[in-house]
Amino acid sequence: MLNRTFARAALWISIYLLLVVAPLLVLLTGQVPAGAGFWWDFSMALGFAGMAMLGVQFALTARFRRAAAPFGIDIIYYFHRYAALVALGLVLAHFLIIRIDNVAALGALDPRHAPWYMTAGRLALTLFLLVVVTSLWRKPLRIDYERWRLWHALLATTAFLAAVGHIEGVGYYINAPWKRVLWTGFTLSWVGLIVYVRLVKPWRMLRHPWQVTEVRPERGNAWTLALAPVGHAGLRFASGQFAWLTLGDSPFHLREHPFSFSSDADSGRVEFTIKALGDFTATIKDVQPGTFAYLDGPYGVFSTDRHPAAPGFVFIAGGVGIAPIMSMLRTAAARAERRPVVLIYANDRWDEVIFREELDALRGRLGLKLVHVLADPPPDWKGERGWVDTALLERHLPGADRCNLTYFLCGPKPMTDAAQHGLRTLGVPLARIHFELFDMV
């Protein structure tokens with residue numbers, strides 16, 4: 001299975017590279033305009049490559065399950081973020097080289113006197129810069145997630161269409177009929193992706209509504225939201241996976257948030273356990289049964305189901321990072337799992353430990369070794385205190401089999417970083433360590 005996953009990953013990486021490089025073939029093959037010079041041609045190549053990468057960005061966020069399966073959608077989203085920086089760098093270099101080498105080609109800056117397609121190019125570059133700045137610094141700029149997501153979609157789409165207009169208007173390198181046909185095909189495919197993501201996919205979700213059946217409180221200012229399908233069969237998910245949730249609104253409004261399933265994957269129940277950490281999550285406690293919802297999922301490779309041959313599992317969670325791990329534990333208990341299972345669960349205080357009583361009950365059902373770690377323990381606390389570090393892991397992980405077990409980490413980034421460092425220090429192979437990226441949006 002591992003070799004098959006690597007093969008699929010290699011296939012999709014090759015497809016990505018082909019989509020990025022293919023437009024350069026339009027530039028380099030056939031008759032090329034004479035007398036332009038190296039720097040001019042180089043800047044054109046950078047512009048085409050940057051434009052291709054920006055077009056493929058829409059494919060990266062389209063959430064195609066087959067493409068995401070070998071990597072995990074969280075990794076795809078992180079790649080999307082850094083690919084945007086590379087693409088913006090290429091487009092900026094395209095502009096700066098012309099600005100230095102042939103400034104006259106840029107024409108007048110005033111849109112009243114400049115050709116429309118040059119103004120379109122400047123608009124595209126400005127909007128792409130704005131998209132990147134507001135994405136990287138969304139939290140310092142205090143832009144709430146829902147407003148950012150709407151403007152991100154509008155700005156990115158407008159910028160892309162303006163860039164297409166710029167290339168079409170200039171017409172340089174694509175004036176041959178067959179080149180124009182190829183370039184038009186690429187452009188239409190990217191526009192088609194935008195239509196699919198913004199119109200077709202929400203329309204499909206609209207046809208499969210869900211309804212809130214229960215909102216129950218948990219420890220640690222968390223709430224479990226239970227959903228039931230309305231007029232359809234629902235969905236099947238693997239334990240540990242997640243979905244994008246739209247609550248009390250139309251999926252066309254782009255007000256969706258990713259949450260991990262916390263319920264048993266085989267029970268037919270769909271539940272999310274959500275901690276009140278922000279504007280949207282703080283409203284979960286006020287959601288009324290009967291509220292309509294929509295789901296896009298399931299997604300993710302953070303699941304024990306992908307490791308049937310593993311001799312045992314170690315889970316390391318922090319705070320609400322227990323949600324996907326709880327799904328895996330509940331599913332394992334329902335399946336009468338007999339392989340060894342260790343859970344190291346870090347929290348600030350004892351009364352904030354989500355699922356505290358159920359985890360204690362799972363000790364008997366699973367043979368679970370449960371280790372609580374508290375940063376601020378009560379005076380009579382006899383368990384682990386402080387942080388998850390190398391010494392703590394060494395105390396609680398089986399020495400002989402430590403390197404053969406499969407590890408799942410989910411929680412705040414400082415905790416998962418420290419846990420990864422500790423596991424590598426203890427000799428655990430990197431391929432056996434899996435983690436959920438906690439803040440991918």
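Positions are given from 1 along the sequence.
- For Trp387, the CH2 atom is loosely surrounded, since the number of other residues' heavy atoms within 6.0 Å does not exceed 12.
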Item to complete: Check the pair Tyr77, Trp244 against ring pair (Phe, Tyr, Trp, His ring centres under 6.0 Å), reporting the backbone distance first and the verdict last.
Response: CA-CA 13 Å; Tyr77 266 63; Trp244 265 267; 5.4 Å; yes
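- Under the ring-ring contact (aromatic ring centres under 6.0 Å, His included) rule, Phe261 has a single partner from Phe302, Phe237, Tyr299, which is Phe237.
- Nearest heavy atom pair, residue Cys410 against residue Ile325, reads CB-CD1, 4.3 Å.
- Using a 4.5 Å heavy-atom cutoff, the side chains of Leu430 and Leu423 are not in contact.
- In Arg216, the CZ atom is crowded: over 12 heavy atoms of neighbouring residues, nucleotides or ligands sit closer than 6.0 Å.
- A salt bridge does not link Arg149 with Glu146: every distance from a Lys NZ or Arg NE/NH1/NH2 to an Asp or Glu carboxylate oxygen is 4.0 Å or more.
- For the pair Arg255 and Phe280, the cation-pi criterion (under 6.0 Å, within 45° of the ring axis) is not fulfilled.
- Annotation: side chain of Phe272 is in contact with side chain of Leu227 (closest heavy-atom distance under 4.5 Å).
- No more than 12 heavy-atom neighbours from other residues, nucleotides or ligands sit within 6.0 angstrom of CZ on Arg142.
- Summarising the geometry of Asp264 relative to Ala334, their closest heavy-atom pair is OD2-CB, 3.4 Å, with the distance given to 0.1 Å.
- Considering every non-hydrogen atom in both Ala293 and Leu247, the closest pair reads CB-CD1, 3.8 Å.
- Remark: Asp286 CG is packed, more than 12 non-hydrogen atoms of other residues, nucleotides or ligands lying under 6.0 Å away.
- A salt bridge links Arg269 with Glu214: the distance from a Lys NZ or Arg NE/NH1/NH2 to an Asp or Glu carboxylate oxygen falls below 4.0 Å.
- Among pairs with a residue in residues 187-207, those fulfilling salt bridge (charged side-chain N to carboxylate O under 4.0 Å, His left out) read Lys201-Asp296, at least two apart in sequence or across chains.
- Between Phe259 and His257, the ring-plane angle classifies as parallel under the 30° and 60° cut-offs.
- When the shell of 6.0 Å around CZ of Arg236 is examined, it contains 12 or fewer heavy atoms from other residues, nucleotides or ligands.
- Listed by chain and residue number, Gln57, Leu60, Thr61, His152 satisfy the side-chain contact (heavy atoms from CB on, under 4.5 Å) test with His80 (two or more places apart in sequence, or in another chain).
- Between the side chain of Arg65 and the main chain of Gly297, a donor-acceptor pair closer than 3.5 Å is present.
- Note: Phe64 and Tyr196 have parallel aromatic rings, judged against thresholds of 30 and 60 degrees for the angle between ring planes.
- Across Val197, Ile76, Ile73, a single residue satisfies side chain to side chain contact (heavy atoms under 4.5 Å, CB included) together with Arg63, and that is Ile73.
- A 4.5 Å side-chain heavy-atom check between Tyr145 and Arg138 finds at least one atom pair inside the cut-off.
- A ring-centre distance under 6.0 Å is not found for His434 and Phe315.
- The shortest heavy-atom contact between Leu206 and Pro251 is CD1-CD, 3.5 Å.
- Relative ring orientation between His372 and Trp350 is described as perpendicular, the plane-to-plane angle rising above 60° on a 0-90° scale split at 30° and 60°.
- Ring orientation note: the planes of Phe160 and Phe58 are nearly perpendicular, at an angle over 60° on the 30°/60° scale.
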